[in-house]
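One-based numbering along the sequence shown. Computed from a predicted model, the values in this text were never measured in an experiment.
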Amino acid sequence: MAFLADALSRVKPSATIAVSQKARDLKAKGRDVIGLGAGEPDFDTPDNIKKAAIDAINRGETKYTPVSGIPELRKAIAAKFKRENNLDYTWEQTIVGTGGKQILFNAFMATLNAGDEVVIPTPYWVSYPEMVALCGGTPVFVATTQANNFKLQPADLEAAITPKTKWFMFNSPSNPSGAAYSHAELKALTDVLVKHPHVWILTDDMYEHLTYGEFKFATPVEVEPSLYDRTLTMNGVSKAYAMTGWRIGYAAGPLQLIKAMDMIQGQQTSGATSIAQWAAVEALNGTQDFIPRNKKIFEGRRDLVVSMLNQAKGISCPVPEGAFYVYPSCAGLIGKTAPTGKVIETDEDFVSELLESEGVAVVHGSAFGLGPNFRISYATSEELLEEACRRIQRFCAACK
């Protein structure tokens, strides 16, 4: 009898976590490494949010909370959806989890049976297909192209849906590509989904507040209200509020699904950390003034990285509308010989040789289901980004 569960054979470790850890390990050994793998803002959590957590501790808010979250936070979530997304949810239709990952995992665990399919556009966040597999479902990948700015086309979505499709997994702005769908682009996709009433929509809006220029964010059920009864809209405080370590994600959706997720969570972790929940109340209800300031900084970093990467030999980098990632192609380097003498045959070879030669840690695109590309997180200082891009330019020039 095998000791480990068969489910482990269906999943792979997180490539983004692995790259970040490798960069830390090399730094600990004295290597000069610039890590651009982590999807984590370098800004500190705003002071008003930190103060709310301290105040909660001083009030003694340090006990177990209800599984789905404290009522104050769930009411703040419902108010946020109404205020920012024109979505009407009662606070009982919301749920709070230990990060967005738990929200997604619990939704899949509560709904997927063996043979159920989940349509996932590529490139995708590395955890989507692994969660689906762990919960017994089957990920069905639908490719996008750089020519279409990594956005799913309606005809391709239509072709991917079968009688076994349980969920459509949607993420805008996207990790890893930064692609964000306009209202019109969303409407074209929701028109397809309206025709398939057995398909549920799970939308990951974690990067909602990080869009640039004149782009206006929209979420699927806002665009097509008839999808309300089969959509779970997930979000969190990690990215826009620089609260990654606080581990608070949330969602709103049909009450039956929320109750099922509550039951899963009740046997898994129970409620999220009480102190972090009170901090999240302040994040959603308090001042939002720092968000446009941080966005402006991120936009400047995006423009710097895109410009410098497009000056690197063999690299082609589109301009993303949101998040804090770029997803350039390294197709022009495939078949070239790296300074170590190794032939670059894949995007994984490219990122490995880049780390070895220049000490720049990025994530290979095949980990996200679409290559030959690589992901750079520009959630770090302009000085480090400029130096990293210079090293990438130098590495590409040295490949023959």
Roughly how far apart are T287 OG1 and D47 CG, rounded to 0.5 Å? 12.0 Å

Rounded to the nearest 0.5 Å, what separates atom CD1 in I315 from atom CG in N310? 9.0 Å

Indicate if L333 and V306 have the same hydrophobic cluster label, given that clusters are the connected sets of ILVMFWY residues with side-chain heavy-atom separations under 4.5 angstrom. yes

Apart from Y64 itself, residues in the same hydrophobic cluster as defined by side-chain heavy atoms under 4.5 Å: none

Test: salt bridge (charged side-chain N to carboxylate O under 4.0 Å, His left out). Region: residues 204-214. Which pairs qualify, not counting sequence neighbours? K80-E208

Under a 3.5 Å cutoff, is there a donor and acceptor pairing between the side chains of W167 and T111? yes

Distance col, row K166:NZ vs R230:CZ, nearest 0.5 angstrom, shows 13.5 Å

Taking all non-hydrogen atoms of both residues into account, name the closest pair between A280 and V237 and its distance. CB-CG1, 4.2 Å

Just grab all the salt bridge (charged side-chain N to carboxylate O under 4.0 Å, His left out) pairs involving residues 288-308, residues at least two apart or on different chains. D42-R301, E299-R302

Smallest separation among heavy atoms of K313 and C396, with atom names: O-CB, 3.2 Å

When you compare the side chain of T219 with that of L87, does any pair of heavy atoms fall below 4.5 Å? yes

Could D25 and K29 be called an ion pair, given the rule that one side-chain N must be under 4.0 Å from one carboxylate O? no

side-chain contact (heavy atoms from CB on, under 4.5 Å) test vs F170 passes for just one of T233, L202, L189, namely L189

Step-by-step side chain to side chain contact (heavy atoms under 4.5 Å, CB included) determination, D347 to F374: CA-CA 7 Å; D347 49 33; F374 59 101; 5.6 Å; no

Please collect all salt bridge (charged side-chain N to carboxylate O under 4.0 Å, His left out) contacts where either partner lies in residues 120-141, sequence neighbours excluded, each pair once. K12-E130

I'd like to know whether W91 forms a side chain to side chain contact (heavy atoms under 4.5 Å, CB included) with L73, so could you lay out the CA-CA distance, the side-chain angles of the two residues, the decisive distance to 0.1 Å, and finally the verdict. CA-CA 9 Å; W91 70 270; L73 179 52; over 6 Å; no

Carboxylate-amine/guanidinium proximity below 4.0 Å for K336 and E353: no

Any side-chain heavy atom of S174 within less than 4.5 Å of one from Y325? no

Where P173 and G178 come nearest, the two heavy atoms and their spacing: CB-O, 4.3 Å

With heavy-atom distances below 4.5 Å as the criterion, would you say the side chains of R247 and T98 are in contact? yes

Which pair of heavy atoms, one from D32 and one from R391, lies closest together, and at what distance? OD2-NH2, 2.6 Å

May I ask you to check whether over 12 heavy atoms, not counting those of D6, lie within 6.0 Å of atom CG? no

Could you tell me if E222 and N86 have a donor-acceptor pair between their side chains, going purely by distance under 3.5 Å? yes

Under-4.0 Å salt bridge between E158 and K195: yes

Are I95 and M169 connected into the same hydrophobic cluster when the rule is that any two of I, L, V, M, F, W, Y join if their side-chain heavy atoms are below 4.5 Å apart? yes

Polar side chain donor-acceptor pair, Q102 to T269, under 3.5 angstrom: yes

Could you work out, with side-chain contact (heavy atoms from CB on, under 4.5 Å) as the rule, every residue matching S307, not counting sequence neighbours? Q311

side-chain contact (heavy atoms from CB on, under 4.5 Å) filter on L304, not counting sequence neighbours, yields M308, E382, L385, E386

Can you name the side-chain contact (heavy atoms from CB on, under 4.5 Å) partners of T45, sequence neighbours left out? I49, K50, M243, W246

Is F324 linked to I34 within one hydrophobic cluster, defined over Ile, Leu, Val, Met, Phe, Trp and Tyr using a side-chain heavy-atom separation of less than 4.5 Å? yes

State, to 0.1 Å, how close K151 and A179 come at their nearest heavy-atom pair, and which atoms those are. CG-CB, 4.1 Å

Spell out, yes or no, whether F290 and F298 are grouped together once hydrophobic residues are joined by side-chain heavy atoms under 4.5 Å, including indirect joins. no

Centroid separation Y128 to F108 less than 6.0 Å: no

Taking side-chain contact (heavy atoms from CB on, under 4.5 Å) as the definition, give me every residue that meets it alongside L26, ordered by chain and number, with sequence neighbours left out. K22, R31, V33, L355

Residue pairs, two or more places apart or on separate chains, that pass side chain to side chain donor-acceptor pair (under 3.5 Å) and touch residues 251-263: S68-D262

With rounding to the nearest 0.5 angstrom, report the SG to CG distance, C135 to N106. 8.5 Å

Residue pairs, two or more places apart or on separate chains, that pass ring pair (Phe, Tyr, Trp, His ring centres under 6.0 Å) and touch residues 70-89: F81-Y89, F81-Y250, Y89-Y228

Taking the side chain as C-beta and beyond, is there a heavy-atom pair between I161 and H198 under 4.5 Å? yes

Exercise: identify the closest heavy-atom pair between L134 and R10: O-NH2, 3.8 Å

Taking the side chain as every heavy atom from C-beta outward, state whether T346 and D349 have any pair of such atoms under 4.5 Å apart. yes

Qualifying ring pair (Phe, Tyr, Trp, His ring centres under 6.0 Å) pairs with a residue from residues 136-155, counting only residues at least two apart or across chains: Y124-F141, F150-Y327

Path from L227 to W200 over hydrophobic side-chain contacts below 4.5 Å: no

Less than 6.0 angstrom separating the ring centers of F217 and Y207, yes or no? no

Which residue pairs pass the ring pair (Phe, Tyr, Trp, His ring centres under 6.0 Å) test with at least one member in residues 254-278, sequence neighbours excluded? none

What distance do L157 atom CG and L193 atom CG have between them, rounded to the nearest 0.5 Å? 5.0 Å

Going by distance alone, is a donor N or O of one side chain under 3.5 Å from an acceptor N or O of the other, for Q393 and R390? no

Say whether T162 and E117, considering side chains only, have a donor N or O and an acceptor N or O under 3.5 Å apart. yes

Find the distance between CG (L112) and CE (M131) and round it off to the nearest 0.5 Å. 12.0 Å

